[in-house]
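Input: a single structure, listed below in structure tokens.
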2 protein chains.
Amino acid sequence: MKGYLWAPSAATQLSEQGDWESMAVDAVGNVIEFWGFKRNQGRVWAFLYLRDEALTAAELEKELALSKGGVSMLLRDLERWGVVLRVRKQGDASWRYKAETDLLQMARRVIEEREFSFISRIRADLAQARRLAEQDPAASKAKIERIRRMELLAEATEKALTVFLKTSRFDVGAMFDLFRT
Amino acid sequence: MKGYLWAPSAATQLSEQGDWESMAVDAVGNVIEFWGFKRNQGRVWAFLYLRDEALTAAELEKELALSKGGVSMLLRDLERWGVVLRVRKQGDASWRYKAETDLLQMARRVIEEREFSFISRIRADLAQARRLAEQDPAASKAKIERIRRMELLAEATEKALTVFLKTSRFDVGAMFDLFRT
DNA sequence: CATATAGTTCAAGCTGTTTTGAACTGCATG
DNA sequence: CATGCAGTTCAAAACAGCTTGAACTATATG
């Protein structure tokens with residue numbers, strides 16, 4: 001299964017008693033992985049967000065047990081998505097990184113693009129298949145009706161996705177208010 | 001990316017002009033893969049559904065270009081989920097398989113279980129992390145508040161999933177009516 | 001009960017994705 | 001302008017999930 005929704009490997013293994021920081025960081029990693037991003041993108045963001053200060057790539061590498069190259073690539077993605085900011089502190093030789101906005105907003109944006117176009121494409125394929133069947137004298141009425149029903153399946157999926165995105169957009173709004181308390 | 005939602009490899013490549021059957025079958029494979037199942041589970045179901053007759057494993061193997069072992073396993077899954085029925089025609093040495101119910105119903109059922117428990121687990125992890133932080137004198141009020149905000153993220157996700165499932169349930173209802181036309 | 005065919009199992013292989021780490025580039029400093 | 005460190009790149013390794021196919025078991029038939 002190369003599934004989209006879903007998670008075979010369950011959640012984070014509970015870590016040490018006092019280690020609530022990595023527990024929270026990993027949990028965010030899991031949420032974001034659920035949304036179709038890399039687990040470590042979520043972990044990096046969560047760590048920066050939790051610490052609430054500009055940290056260097058070297059610190060992230062050490063604290064999150066990532067490789068040098070990995071940190072570089074993860075930060076580039078997060079920066080591109082606008083959820084992490086790169087700042088140069090004066091008198092400091094290296095860049096520092098800072099969590100900027102919340103993740104859900106960005107997740108919704110990205111998912112909106114890729115999931116929608118994907119489902120639309122599937123719907124179009126089914127519609128095309130039905131059109132071809134309608135022109136094929138060998139295709140029975142019943143068969144065409146069955147394709148029609150499969151189209152409904154795809155349509156229902158798309159509709160569900162719409163609601164899903166609308167809800168998350170709504171929730172972001174709600175969260176923003178809370179974030180500004 | 002081991003993502004859940006989402007699809008890197010885009011959709012089905014359009015096949016031959018007249019080959020609307022495999023086009024439809026592949027499209028269903030893609031929808032069902034989107035829902036986190038195996039692409040070929042969807043293809044097998046769609047093929048059986050479209051043909052609307054009980055077919056042998058050998059026929060599926062040939063028509064869908066699958067291996068013997070693969071067909072066996074795919075059918076076992078579909079049977080277990082109750083969307084494919086195994087029937088023995090009298091005077092026939094081998095089993096035949098028949099599409100039974102619609103897929104969305106089953107998808108919702110399965111997703112309901114695995115996704116929900118997954119997200120609940122994440123929420124629980126975050127709640128636990130916060131509880132630990134609250135007991136840790138070294139943890140600042142601000143940090144605890146930030147974990148609280150991450151919890152909101154997970155809560156929003158769970159809520160979105162609830163709506164998502166509710167909607168698909170609703171759509172199944174609507175589809176059932178149509179299916180019975 | 002022997003044989004043939006259907007169906008199952010599972011280790012090995014394949015495919016696609018993520019991570020690593022070594023080589024490289026760029027930049028700031030002495 | 002040499003040196004060292006920060007940051008990037010990318011090929012290779014590690015990994016995860018899916019599929020294959022050969023060995024196996026079960027079942028029907030003569």
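Every value quoted in this text rests on a predicted model; they were computed, and no experiment measured them. In the text below, chain A, chain B and the rest are named by the order of the sequence lines, each starting its count at 1.
For A:E33 and D:dA16, the CD to P distance is 11 Å, given to the nearest whole Å. As rounded to whole Å, 11 Å separates atom P of C:dT8 from atom CG of B:D77. We find that CG of A:N40 is positioned 14 Å from P of D:dC15, with the value rounded to whole Å. Between A:M73 atom CE and C:dT19 atom C1' there is a gap of 7 Å when expressed in whole angstrom units. Taking atom CG of residue B:L66 and atom C1' of nucleotide C:dT8, one finds them 16 Å apart after rounding to whole Å. When rounded to the nearest whole Å, the span between CD of A:E61 and P of D:dG7 equals 10 Å. Atom NZ in A:K38 sits about 12 Å away from atom C1' in C:dT20, given to the nearest Å. Between the CZ atom of B:R39 and the C1' atom of D:dT19 there is a distance of 13 Å, given to the nearest Å.
If you check every strand for non-hydrogen atoms under 4.0 Å, B:R86 touches sugar and phosphate atoms only. At the heavy-atom level, B:S94 lies under 4.0 Å from the strands shown only through sugar-phosphate atoms. At a threshold of 4.0 angstrom between heavy atoms, the contacts of B:A58 with the nucleic acid are absent.
Side chain to side chain, A:S120 and A:E158 meet the donor-acceptor criterion of an N or O pair below 3.5 Å.
Residue A:A65 is the one, among A:A65 and A:K68, whose nearest nucleotide of DNA chain C lies closer to the 5' end (criterion: closest heavy atom).
Using a 4.0 Å cut-off between charged side-chain N and carboxylate O, A:D92 and A:R88 make no salt bridge. In summary, B:K68 and B:E61 do not engage in a salt bridge, as defined by a charged side-chain N under 4.0 Å from a carboxylate O. For the pair A:E145 and A:R149, the salt-bridge criterion is met [side-chain N within less than 4.0 Å of a carboxylate O]. Look at B:R130 and B:E134 and you find a salt bridge, because one of the NZ, NE, NH1 or NH2 atoms lies within 4.0 Å of a carboxylate O, short of that distance.
Side chain of A:W95, nearest nucleotide from C:dG21, C:dG7, D:dG7: D:dG7. When distances run from any side-chain atom of B:A57 to the nucleotides D:dT20, C:dG7, C:dT20, the shortest one goes to C:dG7. Side-chain atoms of B:R88 lie closest to D:dA28 of the nucleotides D:dT19, C:dA23, D:dA28.
Considering only side-chain N and O atoms, A:R76 lies under 4.0 angstrom from the phosphate OP1 or OP2 of D:dT9. The shortest distance between the side-chain N/O atoms of A:Y97 and the OP1/OP2 oxygens of D:dG7 is below 4.0 Å.
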